[in-house]
Amino acid sequence: MASLTLQSFFSPPLLSPSTSSTKFFRCSNLLPSFSIRACSAPSSSSQLIPKVVVTRERGKNGKLINALEKHGIQCLEFPLIEHAQGPDLDKLHVTLIDSKFEWIIITSPEAGLVFLEAWRAAGSPKVKVGVVGAGTASVFKDVVQSSNSLEVAFTPSKATAKVLASELPRHGDDKCRVLYPASVKASSEIEVGLSTRGFDVTRLNTYTTVAVQHVDPLLLEKAFAAPVIAVASPSAIRAWLKFIPSAGQWNNAVACIGETTGLAAKNFGLQNIYYPLNPGLDGWVDSILDALKVHDHVQKICYNRS
């Protein structure tokens with residue numbers, strides 16, 4: 001599985017490149033990072049430490065856990081965020097009743113779930129939806145099969161807000177009306193990109209993400225010890241950083257769902273960062289596997305040197 005390495009150029013990657021779609025950041029020299037890890041022979045007690053920490057809101061980690069279980073990987077569910085109502089939520093179903101839109105733009109599974117609830121409350125009007133990627137599209141699968149009123153009609157060539165805004169179809173010279181139900185914390189990239197192309201965009205901040213306030217200290221200890229933490233949003237990274245004294249004192253791998261989260265992790269000062277070129281569950285799993293391969297390789301080196 002090939003990895004693009006954005007590390008100190010004099011510090012070679014541990015694994016030789018192959019053909020994967022995972023990008024890998026290591027923002028520090030590799031050898032010093034080895035020295036802070038305990039080097040010991042594998043023991044039966046080590047099997048009790050989970051390999052991967054999954055951090056989405058409780059109850060929404062099942063698909064990733066199941067996918068990793070197929071590879072024999074033990075996970076620890078450790079939710080870092082939870083969702084809360086956004087200031088515009090009550091406007092969403094009213095807007096769907098009162099106005100017509102050429103497109104509804106959905107850029108996350110949570111935004112999709114919130115939209116579907118409001119769409120049903122509005123009487124299930126006929127709408128055409130554009131989604132950022134396959135993971136978001138899956139939220140609409142059952143509705144599309146059971147209703148003729150909702151059509152998922154567009155997915156960009158790459159699952160990012162920038163590409164979606166540049167590729168969304170626009171027909172004719174008239175302004176094309178777009179409804180964008182979003183997270184309070186989402187960037188303005190969608191509406192700015194579409195407005196630049198002549199779309200008339202209505203953004204409603206329908207939900208937000210907040211960090212969990214209390215965690216089990218024993219679970220936190222296990223999470224610190226796990227080789228890989230899997231994160232699906234910049235908000236999850238912010239929440240994780242609140243639990244560690246500083247980014248420099250924790251140097252395990254961060255496997256991100258996509259490029260946006262990966263770049264956020266880098267900007268927050270984390271060092272061992274993996275993310276798929278094409279966001280989604282399959283790519284996320286591949287990035288986690290890449291991170292674990294590097295970890296296992298390091299442990300093998302440490303054991304052989306001891």
Side-chain angles (χ1 to χ4, degrees), residues 1-8 11-18 20-39 42 46 49-56 61 64-65 67-68 71-78 80 220-234 236-241 243-277 279 281-303:
M1 296 185 181
S3 299
L4 175 65
T5 307
L6 301 181
Q7 62 185 57
S8 303
S11 176
L14 288 174
L15 298 181
S16 57
S18 55
S20 145
S21 58
T22 298
K23 284 190 175 182
F24 166 42
F25 293 150
R26 185 182 290 278
C27 304
S28 66
N29 189 297
L30 287 174
L31 293 179
S33 71
F34 292 172
S35 63
I36 66 172
R37 294 188 173 105
C39 297
S46 68
I49 299 175
K51 289 286 190 180
V52 179
V53 181
V54 295
T55 61
R56 276 181 156 168
N61 293 294
L64 181 58
I65 291 173
L68 292 173
H71 295 275
I73 296 169
Q74 181 181 356
C75 296
L76 170 67
E77 186 170 23
F78 189 79
L80 289 172
L220 180 59
E221 186 177 351
K222 287 186 177 182
F224 279 148
V228 180
I229 181 170
V231 292
S233 68
I237 299 171
R238 291 189 197 96
W240 178 245
L241 291 175
F243 293 117
I244 58 179
S246 71
Q249 295 184 29
W250 181 86
N251 197 33
N252 290 352
V254 182
C256 304
I257 195 171
E259 180 178 8
T260 299
T261 305
L263 295 176
K266 180 175 181 287
N267 290 335
F268 287 140
L270 295 174
Q271 296 182 339
N272 300 326
I273 303 162
Y274 299 74
Y275 66 86
L277 296 177
L281 181 63
D282 291 342
W284 199 9
V285 169
D286 285 343
S287 294
I288 292 168
L289 295 177
D290 282 347
L292 287 172
K293 282 186 176 181
V294 172
H295 171 267
D296 291 345
H297 189 76
V298 171
Q299 294 299 311
K300 184 177 180 180
I301 291 173
C302 289
Y303 176 57

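Along the sequence shown, the residues carry numbers beginning at 1. Since this is a predicted model, take the numbers as computed values, not measurements.
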statement: Taking every heavy atom of Ala67 against every heavy atom of Val285, the minimum-distance pair comes out as CB-CG2, 3.8 Å
task: Please report the C-alpha distance between Asn272 and Asn252 in whole Å, then the side-chain angles of each, then the deciding distance to 0.1 Å, and finally whether the side chain to side chain contact (heavy atoms under 4.5 Å, CB included) criterion is met.
output: CA-CA 7 Å; Asn272 300 326; Asn252 290 352; over 6 Å; no
- request: Under the side chain to side chain contact (heavy atoms under 4.5 Å, CB included) rule, collect the residues that match up with Ala230, sequence neighbours excluded.
  value: Val52, Leu64, Trp284, Ile288
message: Are the side chains of Ile73 and Leu289 in contact, using a 4.5 Å heavy-atom criterion?
response: yes
message: Quick check on ring pair (Phe, Tyr, Trp, His ring centres under 6.0 Å): which of Phe243, Trp240, Phe78 does Phe224 satisfy it with?
response: Trp240
- request: Please name all residues satisfying side chain to side chain contact (heavy atoms under 4.5 Å, CB included) with Ser233, sequence neighbours left out, ordered by chain then number.
  value: Ile81, Ser235, Ala236
field: Side chain proximity check, Tyr275 to Ile257, heavy atoms < 4.5 angstrom
entry: no
statement: On a heavy-atom basis, the closest approach of Ser287 and Pro276 is OG-N, 3.2 Å
task: Give, for atom CG of Leu68 and atom SG of Cys75, the distance between the pair rounded to the nearest 0.5 Å.
output: 4.5 Å
- prompt: Leu80 and Ile229: which non-hydrogen atoms are nearest, and at how many Å?
  reply: CD1-CD1, 4.2 Å
- prompt: Any idea which heavy atoms bring Ala226 and Lys51 closest together, and the distance?
  reply: CB-O, 4.1 Å
Leu76 CG to Lys222 NZ distance, which is reported to the nearest 0.5 Å: 7.0 Å
query: What residue among Ile273, Leu270, Val254 forms side chain to side chain contact (heavy atoms under 4.5 Å, CB included) with Val231?
result: Val254
Backbone of Tyr274 reached by a side-chain donor or acceptor of Asp290 within 3.5 Å: no
- line: Closest non-hydrogen atoms of Thr261 and Pro234, given as atom of the first, atom of the second and distance, are OG1-CD, 3.7 Å
- request: Please report the shortest heavy-atom distance between Asn61 and Glu77, naming the atom on each side.
  value: ND2-OE2, 2.8 Å
